[in-house]
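Reading through the structure tokens given below for one structure.
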Amino acid sequence: MPKNSKVVKRELDDDVTESVKDLLSNEDSADDAFKTSELIVDSPEEKDTDVEEGSEVEDERPAWNSKLQYILAQVGFSVGLGNVWRFPYLCQKNGGGAYLLPYLILLMVIGIPLFFLELSVGQRIRRGSIGVWNYISPKLGGIGFASCVVCYFVALYYNVIIGWSLFYFSQSFQQPLPWDQCPLVKNASHTFVEPECEQSSATTYYWYREALNISSSISESGGLNWKMTICLLAAWVMVCLAMIKGIQSSGKIIYFSSLFPYVVLICFLIRAFLLNGSIDGIRHMFTPKLEIMLEPKVWREAATQVFFALGLGFGGVIAFSSYNKRDNNCHFDAVLVSFINFFTSVLATLVVFAVLGFKANVINEKCITQNSEMIMKFLKMGNISQDIIPHHINLSAVTAEDYHLVYDIIQKVKEEEFPALHLNSCQIEEELNKAVQGTGLAFIAFTEAMTHFPASPFWSVMFFLMLVNLGLGSMFGTIEGIVTPIVDTFKVRKEILTVICCLLAFCIGLIFVQRSGNYFVTMFDDYSATLPLLIVVILENIAVCFVYGIDKFMEDLKDMLGFAPSRYYYYMWKYISPLMLLSLLIASVVNMGLSPPGYNAWIEDKASEEFLSYPTWGLVVCVSLVVFAILPVPVVFIVRRFNLIDDSSGNLASVTYKRGRVLKEPVNLEGDDTSLIHGKISSEMPSPNFGKNIYRKQSGSPTLDTAPNGRYGIGYLMADIMPDMPESDL
């Protein structure tokens, strides 16, 4: 060893007896100067890079190519199938145009503040849901795991719906469409219409018998539906290929998958306005029923729709925002995406009810024709006197107004005998009041309306391609909410994890492509997400506001955004949103308790749906879905509260570095004055480059040319002066 090194060693022998790591692990808890100090590294420029400790190669975290790509990703995730087939149904059911008022109020109270919260923590900490909530509070780290479980449950059945859309898309290249007419059955003597189809309708028959080949109950498996199995495989292959490189691969597809649905919706809206009866549908839609708006159920359903429309709690919002730059204005993003989501729902509602208005008008015309023929028959038979029919009315070519006039006259004259005539009033409002949602809207009502369109195959191809893209946009965010946290936490290869995740999901998803699979989709949709996600978001709110500290979080936001967010968010996060979420949770539990657990089964003999209760094993599955989704929260809390698993990252020896700052592992952040603005979690902290000028600076003190903290400062300098000296010599 050179002489000068030995001299330095002897002079420091009393002070430096351990490695830098050991010195930090033995830090005096009362050493306030150290706790508020910062490790400064002189470097020409700072980059947002993730470097593994001891690694010489920088592993940069993927980033969005542009702000537009990121916004489209968030819009694609939040705008999904629910905007097309759930929001219009709720709007019609809960007061028409009056429903928009409670929806907007709850969007401002619950939606935007909580969406902003998730965007902020993801962007600041730059990790998926597991890493973010481990950082905020290790004991509440189970929130991230619960989000992943819920995401996986939802992905299992959501991709089945994409598979259904792919099947209808593949069948749309025919003229006429295969669900346009009921099929004919031939036997030895004659040909007749399929009875199941004749009792229902062509589109209903095609959906339940040709597409799903559905069984009569959830207990009757019926084996795999090979057509839907192939479609499900195709859907998972599409998702896997799009997500295999994370945002680097899905980001390129997002431009099409997010924008194409808007092109289709606008084309449908223009086309629908040119159809007879579309205005009737829109007028019916937006005629406000103010008395309904005061019912508590309306507000509960509006809050639930706001909650799920923005994808809160899934982890996809956090995952996408974690690839942003730290100075990105996520407040602007939260407001923009929330209102794009709302206006998309309104646009979809206009399209749906313009088309349903046209469909109702077609059905109403058929009704008037059939009933006019019945009236003419009664006139010939003498059951109705010709004298009561106005002379200017021609029943062989009657208008809707004239038919209603004749109907009212007959009803008054034949007051007692009228029910026996079995005449229908043929009111278009009655048809529009038949509220449909979900698969009933997309695969039955809308497909039936499109059969009456000129060039119906073209519109069918566009519609189901739109559904596929809406589903894929949501699936990208859902899978990102699973893959990103696991990759960040366990350092596995994203490509391998994505393939395994999709392959396993396809294998489990085979239960949804049995003949009874549709009933399992209903079960998962009702029980796997609603309560678990509400609990997850409530815990997220509590973790940020009451565990991490709302005041500290507001300071972090000010540092990150460059301006202080409105105090409106302070009061929303701390008081209003938690109370609203708790009320929504209680209301959802009560509603679930009052509603008998069951499903609508298609009964082939009756050619209609019938409500059936779940068997005992089905109830066990329903409860298990809720329990398994929430289980990570108490398990992680108990494990970390009582130190049941030895976690080496939990001791003070685990020191991480980021951009020249030193920070203890997040497992010990509770009660510390470290905040989000001072560091990141261990997996993304670079180790210090000792070849540069390193020293400690006391917080708030002017920059010094020498290290003010002699013990630690000299220790770092020793590592620089004698890089080849063994730790034992130090």
Side-chain angles (χ1 to χ4, degrees), residues 48 60-83 111-112 114-129 132 147-148 151 154-155 158-159 162 238-263 308-345 466 468-485 487-488 494 498 501:
D48 276 346
E60 294 194 8
R61 184 171 183 81
W64 299 104
N65 292 335
S66 65
K67 181 66 173 280
L68 176 62
Q69 187 184 58
Y70 165 67
I71 293 295
L72 289 177
Q74 291 285 18
V75 169
F77 175 53
S78 66
V79 175
L81 298 172
N83 296 75
I112 294 177
L114 294 175
F115 193 60
F116 180 30
L117 184 146
E118 289 200 356
L119 289 180
S120 302
V121 295
Q123 180 175 308
R124 181 64 261 174
I125 303 173
R126 305 197 79 206
R127 278 294 175 266
S129 56
V132 161
S147 289
C148 289
C151 273
V154 171
Y158 203 87
N159 222 25
I162 298 178
M238 291 168 63
V239 171
C240 185
L241 292 178
M243 296 301 300
I244 197 162
K245 293 286 186 182
I247 65 168
Q248 294 172 333
S249 55
S250 66
K252 298 177 178 63
I253 303 171
I254 281 168
Y255 289 103
F256 179 76
S257 65
S258 296
L259 292 175
F260 180 74
Y262 290 95
V263 175
F308 288 107
L310 294 175
L312 300 174
F314 280 97
V317 173
I318 293 175
F320 278 152
S321 66
S322 72
Y323 299 111
N324 268 332
K325 294 179 181 179
R326 284 186 176 80
D327 58 353
N328 174 63
N329 187 350
C330 56
H331 174 255
F332 172 80
D333 300 342
V335 176
L336 177 65
V337 172
S338 298
F339 278 101
I340 288 176
N341 187 293
F342 171 70
F343 287 117
T344 304
S345 298
M466 178 190 74
V468 169
N469 280 276
L470 284 171
L472 286 176
S474 297
M475 277 299 295
F476 293 161
T478 304
I479 297 298
E480 198 69 56
I482 300 167
V483 172
T484 297
V487 169
D488 289 343
K494 177 167 282 190
T498 303
C501 177

Shortest non-hydrogen contact between Phe476 and Ile254, atoms and distance | CD1-CG1, 4.3 Å

Please name all residues satisfying salt bridge (Lys or Arg N to Asp or Glu O under 4.0 Å) with Lys252, sequence neighbours left out, ordered by chain then number.
-> none

Listed partners of Ser345 passing side-chain hydrogen bond (donor to acceptor under 3.5 Å, both in side chains), at least two apart | Asn83

Residues at least two apart in sequence or cross-chain that pass salt bridge (Lys or Arg N to Asp or Glu O under 4.0 Å) with Glu118, listed by chain then number, are none

Where Phe115 and Asp333 come nearest, the two heavy atoms and their spacing = CE2-O, 4.3 Å

Can you see which heavy atom on Ser257 is nearest to which on Asn469, and at what distance?
-> CA-OD1, 3.2 Å

Nearest non-hydrogen partners of Cys330 and Phe116, listed with the distance | SG-CE1, 3.7 Å

Please step through side-chain hydrogen bond (donor to acceptor under 3.5 Å, both in side chains) for the pair Asn328 and Gln123, ending with a clear verdict.
-> CA-CA 8 Å; Asn328 174 63; Gln123 180 175 308; 3.0 Å; yes

Could you check whether the rings of Phe260 and Phe256 sit parallel, tilted or perpendicular, using 30° and 60° as the cut-offs?
-> parallel

Output the distance between atom OH (Tyr158) and atom CD1 (Ile479), rounded to the nearest 0.5 Å.
-> 12.0 Å

In short, Ile244 meets Lys494 closest at the heavy-atom pair O-CG, 4.1 Å

Val154 versus Phe314: any side-chain heavy-atom pair under 4.5 Å?
-> yes

Show the numbers, then the answer: is there a side-chain hydrogen bond (donor to acceptor under 3.5 Å, both in side chains) between Tyr323 and Glu480?
-> CA-CA 11 Å; Tyr323 299 111; Glu480 198 69 56; 3.2 Å; yes

Do you know which two heavy atoms are closest between Phe320 and Ala73, and how far apart they sit?
-> CE1-O, 3.7 Å

